[in-house]
Amino acid sequence: MQAKNQAVWQEGLNDAQLSAVTTRLPYALVLAGAGSGKTRVLIARMLYLLSERGYGPAQVLALTFTNKAAGEMRHRLSAVFPWANHVWMGTFHGIAHRLLRLHAREADLPDSFTVIDSEDQQRLCKRILREHEIDEKVLSSKTLAYLIGREKDQGRRAHDVAQAYGELPWLPLYEAYEQQCQVSGLVDFGELLLRSYELLLKHPALLAHYQGRFREILVDEFQDTNRLQYQWLKLLAGEGCGLFVVGDDDQSIYGWRGAEVANIRDFTETCVPCDIVRLEQNYRSTQTILSAANAVIAHNQGRMGKDLWSAQGEGEKVGHYAAINEFDEARYIVQGIRRWQETGGALADVAVLYRSNHQSRVLEQVLTREGIPYKVTGGMRFFERAEVKDALAYTRLLLNPQDDAAFARVINTPTRGLGEKSLAKIALLAQQQHLSLLEATSWMVEKGGFSGKALQGASTFVALFKQWQALRSGDVALLMEAIIKESGLWDFYGQDGLTGEGRQENLTELVNAASQYQVDEDAAEALAITDPLLLFLAQTALDAGDKGDTERDLAQLMTIHAAKGLEFAWVAVTGLEEGIFPLSRALEDADGLSEERRLMYVAMTRAKQSLLLTSCSMRRFHGAESLMQVSRFVQEIPTELIQSIGAYQRSAVSAYSQSSDRSLEPAASVQPNSDVPFPKGSKVIHARFGEGLVVAVDGLGEDGRVQVRFCDATRWLLLSVAKLERWQGE
DNA sequence: CTTTTATCGGTTTTT
DNA sequence: CCGATAAAAG
């Protein structure tokens, strides 16, 4: 049996991977380059510990950053190891959540505490700003939520910040926020970690219990840990527990969210003896793609150092198309995708990546027009949709009447005549009598605190909750359905026409989800929850609810952040322009450019076979057309690795190009040959614009385009699109 | 209190 | 240019 397991975990590992998997040092840092098989190493390590070193399933803890990664790990482990579901595996937040559920009392939380997301957090901040009569122009709720979040990432509460930096003007707001959450039984994402950290710190017996339990903790994507997560990790590990962390400093792209690459260096210095293993063989991309990516990332300072190599041969050159504008850019990408399909490639192997979400708009337009089916990943997630959150807020309030945030969300959704004024009255009473908003409303209904429309609305609202209380312990799906229908949400969204229909669909989907979540006994056990309604809410809190629909053959559109960890045979990275990528606002930070470059590195290393970079010389910004310069990242790729299609662009850039020999000759000087059907100076006829004179040529053959001066204007035309004919005029 | 009109601002987002 | 909020009219 041992021999069989050994065969399983060893299978197909290279020397570096094997040495990482079998290290006997208590601490190990695996610097795993993109596509170097890091998930495989993590799985193998777990199997090795379980089968070779005699660790029990309860003695191992595996931490990831995404539910997806945790799910994949669990899936792959359970394929070879039958007790996989006894291993604690989850996201940092998921495990912290579990600790808080198990020890809610010790953590000073009500059993029914609710996890709130960033939007709820921001709404709460908005309310606090209003209560403190602070204009959002002075300090926006967004900024406040961000500031609080960042401090929690550092492990600092309001009083800690005051001690460290003195009284900052927004600290009373942070304090009010903490208080509000405590009273309402709310826990935000940062709080999950901070509270569970304090839980362990304040209860030595509990800490001793967990430190005695775990013999090794494995961490995926270690470069993304923030200070608090790192402290949390070290506290939980204590003296006797091994730490096996896997990461890549070059792929740290969440610095803006508190991730500290410095944790990697600190780990090697404070956790000794530490085995450092580099995984540099890449099993994903061609050597050309890797060399290009290596060249770009080499411009960053202070790296751990790592050079990826591939055994897959050189492959084709990296393409760079300098488009006229974003429509031309999208059109060229479509052309590339078509060609990929013609060679037998599947659409599911195609990814179009961009720096910011809004860039998907034009791409979607053109892809739709050209009939290429696609899927946009990211953007609005299921459990973030307004209608879904509305329905869940009713549920939250039913479960926990103290939840003022939930109350504020639904009291007038759908509209029932309780606007700003009524809400202020309720809030005042609540504050004076130390009641929750719901209790205050109930009191006012009985004692005649409302009049007319408001009374009508408030009493139906209060009555609804009494009614639902009876369904409270029954079937969650039935309850959800009752809530959605009887609250009026269903009809409310039904009025919205076409968009309303979609919203109603989502509400139906929510009812389905409710019936599915109830069956998950593993989750119930893990979170030590018996109340089915509470279990449902706890489950949805940390879950985006996206269903990966991979069954259909669709091209994938997503931000580079969303693409991390994924791979595609054919990849286009768009908007490679100064100001877009690197993003101008990101450059304000000291480390901003480095992080943008790491993002570029991540983008490039997604590609297995074919990598196309595109840039526009003109882009519609906030309404106005602006001239763009090609991104410095394109310039950082050695000329011999790149095939420029919009050649004239490259010489026009210059501002960031270090050496002039890199820029190509202007395309106008390209000699006429069979690849250039309309050389400069030739006369052409266009079906719509009429007669014209070619004033510039760019690119070759089907990829090419020409600039033609017609009688009314001068236009760039794609040869693949425009039907030009030679005009043998006099 | 709700609907319309003006003004403003505009990254990335695993949890 | 678009979408999200804030004052002004219904």
Side-chain angles (χ1 to χ4, degrees), chain A residues 63-71 90-97 115-122 126 135-137 140-142 145-146 149 152-153 187-193 220-221 223-226 228-229 251-259 326 353-359 361-362 377-381 383-384 386 412 414-423 451-454 456-457 540-546 558-566 575 579-589 592 595-596 598-600 602-603 619-626:
Chain A
L63 296 165
T64 64
F65 275 83
T66 64
N67 288 311
K68 200 175 157 196
T91 62
F92 275 91
H93 292 87
I95 299 296
H97 186 205
V115 180
I116 57 170
D117 68 9
S118 345
E119 195 214 332
D120 299 327
Q121 197 177 350
Q122 203 184 308
K126 179 164 256 168
D135 193 338
E136 284 231 30
K137 276 166 201 143
S140 70
S141 56
K142 203 176 169 186
Y146 173 80
K152 287 195 183 183
D153 286 346
V187 174
D188 64 40
F189 290 137
E191 185 73 21
L192 284 171
L193 291 162
D220 190 15
E221 308 274 17
Q223 77 282 351
D224 289 336
T225 50
N226 62 36
L228 176 57
Q229 284 164 329
Q251 290 189 71
S252 165
I253 55 176
Y254 286 102
W256 51 274
R257 251 182 50 169
E326 54 269 62
L353 308 181
Y354 33 82
R355 175 68 240 260
S356 327
N357 272 313
H358 66 257
Q359 288 174 257
R361 189 190 288 260
V362 172
T377 305
M380 193 54 88
R381 280 186 276 274
F383 287 117
E384 281 175 0
N412 207 28
T415 49
R416 42 173 77 86
L418 287 156
E420 221 174 306
K421 265 195 181 153
S422 309
L423 201 57
S451 55
K453 254 191 205 165
Q456 172 75 28
T540 57
L542 297 182
D543 185 351
D546 296 313
M558 64 187 92
T559 63
I560 299 161
H561 283 91
K564 191 169 144 199
L566 305 177
I580 299 284
F581 190 20
L583 196 66
S584 50
R585 275 192 65 167
L587 302 184
E588 290 165 12
D589 273 55
E595 182 147 322
E596 292 293 301
R598 290 193 290 269
L599 202 49
M600 179 66 179
V602 169
R619 181 177 287 275
R620 245 192 137 69
F621 241 173
H622 307 292
E625 297 248 289
S626 340

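Reminder, nothing fancy here: chain letters follow the sequence lines and each chain counts from 1.
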### Message
Using whole Å, what does the distance between atom P of nucleotide B:dT15 and atom CG of A:N226 come to?
### Response
15 Å
### Query
By centroid distance (under 5.5 Å) and plane angle (under 30°), are A:W256 and B:dT12 in a stacked arrangement?
yes
### Atom-to-atom span, CG of A:L353 to C1' of B:dT12 - whole angstrom
13 Å
### Message
Please classify the nucleic acid contact of A:F621 as base, sugar-phosphate, or nothing, using heavy-atom distances under 4.0 Å.
### Response
nothing
### Task
Using the test side chain to side chain contact (heavy atoms under 4.5 Å, CB included), find all partners of A:K68 that sit at least two apart in sequence or belong to another chain.
A:T66, A:L566
#### Entry: Distance in angstrom units between A:H561 NE2 and B:dT15 P, rounded
14 Å
### Message
Please report the distance, rounded to the nearest Å, between CD in A:E595 and P in B:dT12.
### Response
14 Å
### Message
For A:W256 and A:H561, take the angle between the two ring planes, folded into 0 to 90°, and tell me which bin it lands in: parallel under 30, tilted 30 to 60, perpendicular over 60.
### Response
perpendicular
#### Entry: Side-chain donor or acceptor of A:Q121 paired with backbone N/O of A:I116 under 3.5 Å
no
### Query
Does the side chain of A:N412 get closer than 4.0 angstrom to OP1 or OP2 of B:dT2 through an N or O atom?
yes
### Message
Does B:dG10 have its OP1 or OP2 closer than 4.0 Å to a side-chain nitrogen or oxygen of A:N357?
### Response
no
### Query
Can we say A:R361 and A:E326 salt-bridge, meaning some charged N sits less than 4.0 Å from an Asp/Glu carboxylate O?
no
### Query
Residues in side chain to side chain contact (heavy atoms under 4.5 Å, CB included) with A:A562, at least two apart?
A:M558, A:T559
### Query
When you match A:K421 and A:A259 each to their closest nucleotide on DNA chain B, which lands nearer the 5' end?
A:K421
### Nearest-neighbour nucleotide for the A:T415 side chain, B:dT2, B:dT11, B:dG10 considered
B:dT2
#### Entry: Side-chain (A:E595) to main-chain (A:G592) donor-acceptor, under 3.5 angstrom
no
## Note on the structure
The residue, A:D589 or A:G419, whose nearest nucleotide of DNA chain B is more 5′ is A:G419
### Task
Could you check how far NE2 of A:H358 sits from P of B:dG9, rounded to whole Å?
18 Å
#### Entry: Contacts of type side chain to side chain contact (heavy atoms under 4.5 Å, CB included), residue A:D117, not counting sequence neighbours
A:E119, A:D120, A:F189, A:E384, A:K389
### Query
Are the side chain of A:N67 and the backbone N or O of A:L542 linked by a donor-acceptor pair below 3.5 Å?
yes
### Message
What does the 5'-to-3' dot-bracket notation of DNA chain B look like when only Watson-Crick and G-U wobble pairs under 3.5 Å count, and pairs to other strands show as |?
### Response
||||||||||.....
### Task
Walk me through it: do A:D220 and A:L63 pass the test side-chain contact (heavy atoms from CB on, under 4.5 Å)?
CA-CA 6 Å; A:D220 190 15; A:L63 296 165; over 6 Å; no
### Under 3.5 Å: donor-acceptor pair, side chain of A:R355, backbone of A:I580
no
### Task
For A:L418, report the nucleic acid contact type (base, sugar-phosphate, nothing); a contact means any heavy atom under 4.0 Å.
sugar-phosphate
### Message
What is the separation between atom CZ on A:F65 and atom C1' on B:dT15, rounded to the nearest whole Å?
### Response
10 Å
### Query
What integer number of Å spans the C1' atoms of B:dT12 and C:dT5?
23 Å
### Query
Under 4.0 angstrom, heavy atoms only, what part of the nucleic acid is A:K126 near: base, sugar-phosphate, or nothing?
sugar-phosphate
### Segment of DNA chain C, first to last nucleotide, that comes within the 4.0 Å heavy-atom reach of chain A
C:dC1 to C:dT5
### Task
Return yes if the base of B:dT12 and the side-chain atoms of A:R355 contain a donor-acceptor N/O pair under 3.5 Å, otherwise no.
yes
### Summary
Sequence neighbours excluded, the answer for side chain to side chain contact (heavy atoms under 4.5 Å, CB included) partners of A:K126 is A:R130, A:E136, A:S141
### Task
Look at A:T559 and B:dT13 and indicate whether a side-chain polar atom (N or O) is within less than 4.0 Å of OP1 or OP2.
yes
### Task
Would you mind classifying the nucleic acid contact of A:L542 as base, sugar-phosphate or nothing, using non-hydrogen atoms under 4.0 angstrom?
sugar-phosphate
### Summary
Atom CZ of A:R585 and atom P of B:dT13 are separated, to the nearest Å, by 15 Å
### Query
A:E596 CD to B:dT13 P: how many Å, rounded?
12 Å
